[in-house]
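Contents: one structure, followed by commentary.
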Amino acid sequence: MAAPQEILATRVQSALGAALGAEFAETDPVIRPSQFADYQANAALALAKRLGRAPRDVAADIVAQLDVDDMCRQVEISGPGFVNLTLREDWIAAQAQELLNDPRAGVPQQESETVAIDYSAPNVAKEMHVGHLRTTVVGDALVRVLEALGHDVVRQNHIGDWGTPFGMLIEHLLDVGEGSAEAELVKTDPNAFYQAAREQFDGSAEFAARARKRVVDLQAGDAETLRLWRELVELSTVYFNRIYDKLDVTLTDADLAGESKYNDMLPGICDELEREGIAEISDGALCVFLEGFTGREGKPVPLIVRKSDGGYGYGTTDLATVKYRVEHLGARRLLYVIGAPQSLHLRMVWETARKAGWLPEDVEPVHVQIGNVLGADGKILRTRSGKPIRLVELLDEAIERAAKVVADNRPDLDEDTRAGIAREVGIGAVKYADLSVSHDSEYVFDFDRMLALNGNTGPYLQYATARIRSIFRKGGVDPTAAAGPVAVTEPAERELALALLGFGPAVATVGATLEPHRLCAYLFELAQAFTGFFEHCPVLQAEDPAVRDSRFALIATTLRTLETGLNLLGVRAPEQM
RNA sequence: GCACCUGUAGCUCAGUGGAAAGAGCAUCGGACUUCUAAUCCGACGGCCGCAGGUUCGAAUCCUGCCAGGUGCACCA
């Protein structure tokens with residue numbers, strides 16, 4: 001199963017070799033979608049300069065050697081030397097038929113690579129906010145896509161489960177009592193618990209003293225303190241899992257790889273850095289100074305690996321993640337799906353790891369930068385009173401709003417069905433909104449826009465699948481039973497079939513660029529192509545049984561492609577809506 | 001001050017060195033006796049922040065500037 005663009009690329013390359021010499025057989029044929037044909041090959045323009053010839057002549061030579069009769073019905077030199085390529089309808093139909101029969105839905109099977117992916121990373125005893133939402137959703141989509149492409153993906157949920165706040169949290173847990181209603185807040189409203197602890201810490205010197213002592217005990221490995229700490233982590237895990245469940249995210253407890261996991265590695269990391277002369281003591285702290293990293297007033301910025309009080313910061317922990325993921329997990333790509341502001345920090349961590357030999361040249365670390373989510377005012381999304389928005393409330397509001405729309409439009413459905421649809425549509429809308437814009441840009445959060453059935457939204461794609469299912473229901477046909485044969489005659493059929501062939505490449509692109517919004521853009525175009533088909537090409541009312549069978553096959557493939565694509569994004573497709 | 005990100009239609013956002021820069025929303029005008037109108041079709045709308053440069057060709061690459069955002073020593 002190969003996409004038109006790829007097949008054309010190899011064909012044009014052979015033509016290049018034949019026309020211009022073997023040394024040109026590897027050059028990029030520059031196949032692009034065209035507004036004047038299906039595709040265009042732009043290689044001649046670039047090569048003309050090198051050859052010292054007129055571009056149109058070069059194009060003519062390429063076309064003379066080009067063997068595409070089986071797949072193109074028109075090959076035309078146009079403009080300054082573009083080669084316009086128009087596919088044959090029977091070829092498109094044959095490819096669509098192949099796609100229908102392809103158990104992988106056109107998704108290429110790539111050579112397996114171990115990829116470690118760090119995403120979500122909420123903090124224990126703290127509410128997840130919209131920033132966590134986005135790294136969770138984007139990270140999970142990347143996981144699904146990479147796995148579909150055949151890679152060995154290791155999820156690493158780097159939760160904040162260690163550090164000074166735990167002294168305060170543990171003491172507060174003891175004060176309210178283990179198992180008390182207030183302790184249970186960690187499962188449901190963690191910020192309430194955290195704020196209460198914070199208030200004690202700020203308001204009571206006695207409490208603060210206890211909290212500080214507790215931190216020391218924790219780091220010393222005191223058994224009772226560790227037990228209480230574990231208790232807090234477990235309570236938090238209940239909260240995380242409730243969110244992940246609601247969000248339909250693949251993370252489980254097995255993926256937890258929080259800061260505490262690396263505690264044992266930290267002293268060794270510092271020792272090695274110091275021994276190798278990579279780190280030095282500055283103002284009492286063990287620091288790595290790297291060339292080219294300067295801050296205010298040109299002062300060198302350190303990566304602090306051991307604080308002056310002997311404690312470790314996140315720089316050390318992050319170094320440990322690199323070491324662990326390379327040495328222990330055998331990862332060839334290290335993905336960090338975290339906020340854009342961490343960019344400087346990560347670059348310093350990686351450069352330090354390179355110097356220390358923990359990050360070999362053939363291992364590629366990537367920062368999948370996550371941009372801020374903004375409110376209507378263009379500032380980081382907060383409630384009217386200025387507090388961060390509770391994620392649970394935000395998700396519930398999305399579901400409520402979706403429920404209202406479903407109730408308005410589908411009074412014929414029973415309540416349970418409507419509630420199920422509302423959940424899938426509401427959550428899908430929020431996730432899709434996070435995924436459909438490039439992950440590194442900020443975007444403005446707007447319920448009305450993301451829940452709209454028009455435009456590049458989750459509901460629009462879900463609606464397309466629901467309409468297809470409706471046709472199959474009415475026709476009494478099982479989508480998996482559609483077998484074709486596929487024929488392509490109407491323009492809308494042609495457009496839909498051609499769009500279907502682009503799925504595999506779109507998924508592959510996301511795997512390479514780590515940009516889920518490209519898959520969104522593809523699925524949106526496919527859904528639009530389907531809508532055009534839906535308007536112009538009746539399926540059930542088609543008079544000719546052969547046309548009917550062909551159209552069944554086309555929409556069955558469309559349904560599977562849309563659902564597979566949505567699934568790769570982590571978005572559900574309701575059977576009706 | 002240094003570094004990174006962003007600047008594209010009224011708004012929200014796409015855009016792989018290729019032809020005349022795209023979509024959705026909003027606005028205006030149309031289409032339900034039809035497989036879901038929660039839909040669709042059409043129109044309107046652009047010094048691609050500014051100025052240079054590279055190139056046969058630049059929203060895209062380079063340099064400078066302007067504007068906004070973020071980060072820059074012991075929180076993560």
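Below, read A as the first sequence line, B as the second, and so on, with proteins coming before strands; counting in each chain starts at 1. Computed from a predicted structure; not experimentally measured.
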TODO: Provide, to the nearest angstrom, the distance between the CD atom belonging to A:Gln40 and the P atom belonging to B:rA20.
DONE: 11 Å
Open item on the list: Below the 4.0 Å mark, does B:rU12 have OP1 or OP2 next to a side-chain nitrogen or oxygen of A:Ser436?
Closed with: no
- [ ] Please evaluate the base of B:rA76 for a donor-acceptor partner in the side chain of A:Thr317 within a cut-off of under 3.5 Å?
- [x] no
Task: Ring centres under 6.0 angstrom apart (A:Tyr262, A:His158) - done: yes
Open item on the list: Between A:Ser441 and B:rC5, is there a contact of a side-chain N or O with OP1 or OP2 at under 4.0 Å?
Closed with: no
TODO: Report, as yes or no, whether the 6.0 Å neighbourhood of atom CD on A:Gln369 holds more than 12 heavy atoms from other residues, nucleotides or ligands.
DONE: yes
TODO: Establish, with yes or no, whether the OP1 or OP2 oxygen of B:rC25 is under 4.0 angstrom from a side-chain nitrogen or oxygen of A:Asn454.
DONE: yes
Task: Inter-nucleotide C1' distance (B:rC72, B:rG53), Å rounded - done: 32 Å
- [ ] Verify the contact: side-chain N or O of A:Tyr39 to OP1 or OP2 of B:rG18, cut-off strictly under 4.0 Å; return yes or no.
- [x] no
Open item on the list: Tell me whether the side-chain N or O atoms of A:Asn84 pair up with the base of B:rA19 as donor and acceptor below 3.5 Å, since no angle test is needed here.
Closed with: yes
Task: Pairs touching residues 422-439 of chain A that satisfy salt bridge (Lys or Arg N to Asp or Glu O under 4.0 Å), sequence neighbours left out - done: A:Arg134-A:Asp434
Dump the pairs, protein N or O against N or O of nucleotides 28-35 of chain B, anything under 3.5 Å, distances to one decimal.
unit_1 : atom_1 : unit_2   : atom_2 : d
B:rC35 : O3'    : A:Lys474 : NZ     : 3.2
B:rC35 : O2     : A:Val539 : N      : 3.3
B:rC35 : O2     : A:Leu540 : N      : 3.1
B:rC35 : N3     : A:Val539 : N      : 2.9
B:rC35 : N4     : A:Phe534 : O      : 2.7
B:rC35 : N4     : A:Cys537 : O      : 2.9
B:rC35 : N4     : A:Pro538 : N      : 3.4

- [ ] Please report, rounded to the nearest Å, how far the P atom of B:rA76 is from the CG atom of A:Asn123.
- [x] 10 Å
Look for any protein N or O under 3.5 Å of an N or O in nucleotides 66-72 of chain B and output each such pair with its distance, or none.
unit_1 : atom_1 : unit_2   : atom_2 : d
B:rC72 : O2     : A:Arg296 : N      : 3.4

- [ ] Select base, sugar-phosphate, or nothing to describe what A:Gln369 touches, counting heavy atoms under 4.0 Å on all strands.
- [x] nothing
Task: Side chain A:Ser282 and base B:rA73 donor-acceptor under 3.5 Å - done: yes
TODO: Using a 4.0 Å heavy-atom cut-off across all strands, classify A:Phe530 as base, sugar-phosphate, or nothing.
DONE: nothing
Task: Nearest-Å distance for atom pair CG/C1', residues A:Asp434 and B:rC13 - done: 14 Å
TODO: Using a cut-off of strictly less than 4.0 Å, decide whether A:Arg518 has a side-chain nitrogen or oxygen near OP1 or OP2 of B:rG15.
DONE: yes
